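Down below is the structure, laid out as structure tokens.
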Amino acid sequence: DGGITQSPKYLFRKEGQNVTLSCEQNLNHDAMYWYRQDPGQGLRLIYYSQIVNDFQKGDIAEGYSVSREKKESFPLTVTSAQKNPTAFYLCASSIVEGAGYTFGSGTRLTVV
Amino acid sequence: AQTVTQSQPEMSVQEAETVTLSCTYDTSENNYYLFWYKQPPSRQMILVIRQEAYKQQNATENRFSVNFQKAAKSFSLKISDSQLGDTAMYFCAFMKYDKIIFGKGTRLHILP
């Protein structure tokens, strides 16, 4: 079955460490997105990519980095520069404008 | 910049009742898409309903329907015959050029 796989489901990071969240899709979607969800804040866009080897910053890109070397994969790195990384991270993909997103099941990142 | 506002942070209704969730948005665009997403306790984001701005007819999906008022920039969601499984966070969303902006959500409790 086609879908988006995010891993791991739960991730713990020590302060000062970088950590990478995985997002893989087999839907043949061109566009992929990373959102951060905090209580009472809704979903905020971190980065998005509409084509391989190209990506754009969203509203809260500081302290994050991404790559898009393959159509299927859009990993997100949370760097030590991110001041408050504890959050729920959602990856999504889209085939065309207006179709809406298909979401992964999310990764809960906790800084310890 | 587009914004999406959900004025009801939390609502509770009895099972089998009808409930309406409010959403307003701000944009200078004429053609765009609107969505309602549901996020149950599992945190999986599920597309509930989709509306194309150039269509005057309100979208419906089984027990879910919208009241789309383009001039007023209003996009409310009506859930008829509410069920316990409708308990979730509901996000209103605006899409233009492959990027979705989400509201902060309404937490809906269906009471037995």
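In what follows, every heavy atom counts, from backbone to side chain, and hydrogens, waters and symmetry copies are set aside. Bear in mind that the values here come from a model prediction, so they are computed numbers and not experimental data.
In the displayed structure, B:Gln57 atom CD is contacted under 6.0 Å by at most 12 heavy atoms of other residues, nucleotides or ligands. Atom NZ of B:Lys38 sits in a crowded spot, with more than 12 heavy atoms from other residues, nucleotides or ligands closer than 6.0 Å. For A:Glu69, the CD atom counts as loosely surrounded, since its 6.0 Å shell holds 12 or fewer non-hydrogen atoms of other residues, nucleotides or ligands.
What you find for A:Ser94 and B:Met95 is that their closest heavy atoms are OG-CE, 4.1 Å.
Under the 4.5 Å side-chain heavy-atom criterion for ILVMFWY residues, no single connected hydrophobic cluster contains both B:Leu47 and B:Trp36. The cluster map of Ile, Leu, Val, Met, Phe, Trp and Tyr, joined by side-chain heavy atoms under 4.5 Å apart, puts A:Leu11 and A:Val66 in the same cluster. In this structure, A:Phe74 is not a member of the same hydrophobic cluster as A:Ile4, with clusters built from ILVMFWY side-chain heavy atoms closer than 4.5 Å. Note on B:Ile101 and B:Met45: separate hydrophobic clusters, where clusters join Ile, Leu, Val, Met, Phe, Trp and Tyr whose side-chain heavy atoms are under 4.5 Å apart, directly or indirectly.
Looking at A:Leu45, only its side chain comes within 4.5 Å of chain B, counting heavy atoms on both sides. In this structure, the portion of B:Tyr37 lying under 4.5 Å from any heavy atom of chain A is its side chain and not its backbone.
Chain B forms the most heavy-atom pairs under 4.5 Å with one residue out of A:Gly100, A:Ala31, A:Ala92, A:Gly58, and that residue is A:Gly100. Considering only heavy-atom pairs separated by less than 4.5 Å from chain B, the leading option among A:Leu43, A:Asp30, A:Leu90 is A:Leu43.
Atom CZ in B:Arg43 sits 11.0 Å away from atom OG1 in A:Thr107 (nearest 0.5 Å). Here CD of B:Gln39 is found 6.0 Å from CZ of A:Phe88. Values are rounded to the nearest 0.5 Å.
At a threshold of 4.5 Å between non-hydrogen side-chain atoms, the residues A:Gln37 and B:Phe91 count as touching. Looking only at side-chain heavy atoms (C-beta outward), A:Tyr35 and B:Ile100 come within less than 4.5 Å of each other. Residues A:Gln56 and B:Lys99 fail the side-chain proximity criterion, which asks for heavy atoms closer than 4.5 Å.
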